[in-house]
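What follows is a short report on a single structure.
These numbers come from the heavy atoms of this one structure, side chains and all, not from hydrogens, waters or symmetry mates. Nothing fancy with the numbering, it's 1 onward along the sequence.
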Amino acid sequence: TIVLNNPRRRNALSLPMLRCLREDLLHDVRSRELRVIVIAAEGPVFCSGHDLKELSSEDDVKHHSQVFELCAEVMTLIQKLPVPVIAKVNGLATAAGCQLVASCDIAVASEKSQFATPGVNIGLFCSTPAVALGRSLPRKVALEMLFTGEPLSAQEALMHGLVSKVVPEDKLEEETMKISHKICESSKSVLALGKATFYRQITQDLDTAYKITTQVMVDNLTLRDGQEGIEAFIQKRKPVWSH
């Protein structure tokens with residue numbers, strides 16, 4: 001579990017926070033023991049997005065570029081990791097914080113959580129958050145959020161596909177761990193192949209997507225755990241994964 005832990009600054013994605021997040025996401029990434037990553041936060045705000053003090057005219061264009069480039073690197077890193085990444089959201093997620101939720105593979109939210117891209121209201125359109133948002137939500141829902149800055153409730157976020165599940169606040173940890181433990185029952189190597197393939201094919205046309213995934217299914221069968229799973233099913237026993 002990675003915890004955003006600067007509640008006094010509303011867990012803003014400052015440069016130091018982004019560097020820490022990148023480092024923690026990559027920590028032990030090659031370890032067989034690492035099976036799932038959960039991103040959580042302290043305080044009433046999950047993440048408020050960029051630290052606006054870093055985006056003032058006091059800093060130059062080079063500094064501003066550094067902030068957005070590092071943020072984009074972290075967001076794309078999440079989908080490149082070989083293990084599933086779950087956002088555990090208990091509170092407000094705005095701008096790049098909403099982008100972070102949208103970039104995770106799975107998101108579990110408490111009923112009190114809200115999601116917004118309010119940059120337009122302060123003259124800084126949420127263009128980079130729109131990349132993740134536009135790939136998670138129907139276009140018209142994403143654009144309404146981006147054009148108005150108005151928040152989605154947890155239930156609205158669930159209805160439109162921004163989050164996977166909404167639970168009472170006191171059940172958030174339990175539900176997140178339930179999903180995590182279920183993931184841990186599967187082969188890490190099979191999941192890694194499946195995750196990478198999902199993100200590779202999702203941007204392709206139908207024919208190309210099937211061409212890619214047909215070959216991956218064949219490749220999956222060459223994995224030790226691919227054969228172990230099939231043999232275990234035929235023999236009516238529990239598989240013993242090598243990962």
Spacing of Met177 atom CE and Ile86 atom CD1 [to the nearest 0.5 Å]: 7.0 Å
Where the side chain of Arg135 meets the backbone of Ser103, is there a donor-acceptor pair that is under 3.5 Å apart? no
Can you tell me how far the CD1 atom of Ile2 sits from the CG atom of Leu25, to the nearest 0.5 Å? 4.0 Å
Would you tell me whether Asn90 and Glu169 have side-chain atoms, one donor and one acceptor, within less than 3.5 Å of each other? yes
Taking atom CZ of Arg10 as the centre, report whether more than 12 heavy atoms of other residues, nucleotides or ligands fall under 6.0 Å from it. no
Cluster overlap Leu21 with Leu81, hydrophobic side-chain contacts below 4.5 Å: yes
Check the angle between the aromatic planes of His50 and Phe68 and answer parallel, tilted or perpendicular using the 30° and 60° thresholds. perpendicular
Within-4.5 Å side-chain heavy-atom neighbours: Val45 and Thr94: no
Under a 3.5 Å distance rule, please check whether Trp241 uses its side chain to pair with a backbone N or O of Gly229 as donor and acceptor. no
Does the pair Leu152 and Glu144 meet the rule for a side-chain contact (heavy atoms from CB on, under 4.5 Å), with working shown? CA-CA 10 Å; Leu152 288 184; Glu144 183 180 345; over 6 Å; no
Do Gln215 and Val218 pass the side-chain contact (heavy atoms from CB on, under 4.5 Å) test, and can you show the C-alpha distance, the side-chain angles, and the key distance before you say yes or no? CA-CA 5 Å; Gln215 183 56 52; Val218 174; 4.1 Å; yes
One should read off an interatomic distance between Arg139 CZ and Leu146 CG, to the nearest 0.5 angstrom, of 12.0 Å
Heavy-atom donor-acceptor pair, Ser164 side chain to Ala107 backbone, under 3.5 Å: yes
As an exercise, state the distance from OG of Ser189 to CZ of Arg32, rounded to the nearest 0.5 Å. 9.0 Å
Do other residues, nucleotides or ligands put more than 12 heavy atoms under 6.0 Å from the OH atom of Tyr210? no
When you look at Cys104 and Ile39, which way does the side-chain contact (heavy atoms from CB on, under 4.5 Å) test go after all the steps? CA-CA 9 Å; Cys104 289; Ile39 300 178; 4.1 Å; yes
Joint hydrophobic cluster, Ile179 plus Ile78, side-chain heavy atoms closer than 4.5 Å: no
Check for a donor-acceptor pair, side chain of Ser110 on one end and backbone N or O of Pro168 on the other, with a separation under 3.5 Å. no
Would you call Leu52 and Ile122 a side-chain contact if the rule is heavy atoms closer than 4.5 Å? yes
Going by heavy atoms in the side chains, are Val89 and Val163 under 4.5 Å from each other? no
Starting from Phe147, can I reach Phe115 by hopping between I/L/V/M/F/W/Y residues whose side chains sit under 4.5 Å apart? yes
Within the 4.5 Å heavy-atom criterion, are His63 and Leu15 side-chain neighbours or not? yes
Report the distance from atom CD of Glu185 to atom NZ of Lys182, rounding to the nearest 0.5 Å. 4.5 Å
For the pair Leu191 and Val83, evaluate side-chain contact (heavy atoms from CB on, under 4.5 Å) and give the outcome as yes or no after the intermediate values. CA-CA 7 Å; Leu191 276 174; Val83 297; over 6 Å; no
Nearest heavy-atom neighbours spanning Ser187 and Asp225: OG-OD2, 2.6 Å
Restricting to non-hydrogen atoms, name the atom on Met17 and the atom on Asn5 that form the minimum distance, rounded to 0.1 Å. CE-N, 4.2 Å
Any non-hydrogen side-chain atom of Glu156 less than 4.5 Å from a side-chain atom of Leu162? no
Between CD1 on residue Ile106 and CD1 on residue Ile183, distance to nearest 0.5 Å: 4.0 Å
For Gln227 and Leu221, indicate whether the former's side chain and the latter's backbone hold a donor-acceptor pair under 3.5 Å. yes
Any donor-acceptor pair under 3.5 Å from Ser136 side chain to Leu133 backbone: no
Give the minimum heavy-atom separation between Gly97 and Phe46, together with the two atoms involved. O-CE2, 4.2 Å
Using a 3.5 Å distance criterion without hydrogens, assess whether the side chain of Thr117 forms a donor-acceptor pair with backbone atoms of Met145. yes
Under the 3.5 angstrom rule, does the side chain of Lys188 hit a backbone N or O of Leu34 as a donor-acceptor pair? yes
Hydrophobic clusters here meaning ILVMFWY residues chained together by side-chain heavy-atom distances under 4.5 Å, can you tell me if Leu4 and Val74 are in one? yes
Measuring only between side-chain heavy atoms, which start at C-beta, is Val167 closer than 4.5 Å to Lys178? no
Hey, does the side chain of Asn6 reach the backbone of Asn11 with a donor-acceptor pair shorter than 3.5 angstrom? no
May I ask whether Met159 and Val166 are part of the same hydrophobic cluster, defined by side-chain heavy atoms of I, L, V, M, F, W, Y residues being less than 4.5 angstrom apart, directly or through others? no
Validation row: Leu13, Cys47 side chains within 4.5 angstrom (heavy atoms): yes
Partner of Glu228 by side chain to side chain contact (heavy atoms under 4.5 Å, CB included), out of Leu223, Val190, Val240: Val240
Heavy atoms of Pro118 and Cys126 approach each other most closely as N-SG, 4.3 Å
Taking side chain as C-beta onward, heavy atoms only, is Phe198 less than 4.5 Å from Asp105? no
Would you find a donor on one side and an acceptor on the other, under 3.5 Å apart, between the side chain of His27 and the backbone of Glu23? no
Is it the case that over 12 heavy atoms from other parts of the model lie below 6.0 angstrom from the NZ atom of Lys171? no
Heavy atoms only: give me the nearest Ala209-Gln204 pair and the separation to one decimal. N-CB, 4.0 Å
The salt bridge (charged side-chain N to carboxylate O under 4.0 Å, His left out) partner of Lys88 among Glu173, Glu175, Glu174 is Glu173
Can you name the nearest heavy-atom pair linking Arg9 to Ser48, along with the distance? O-OG, 3.9 Å
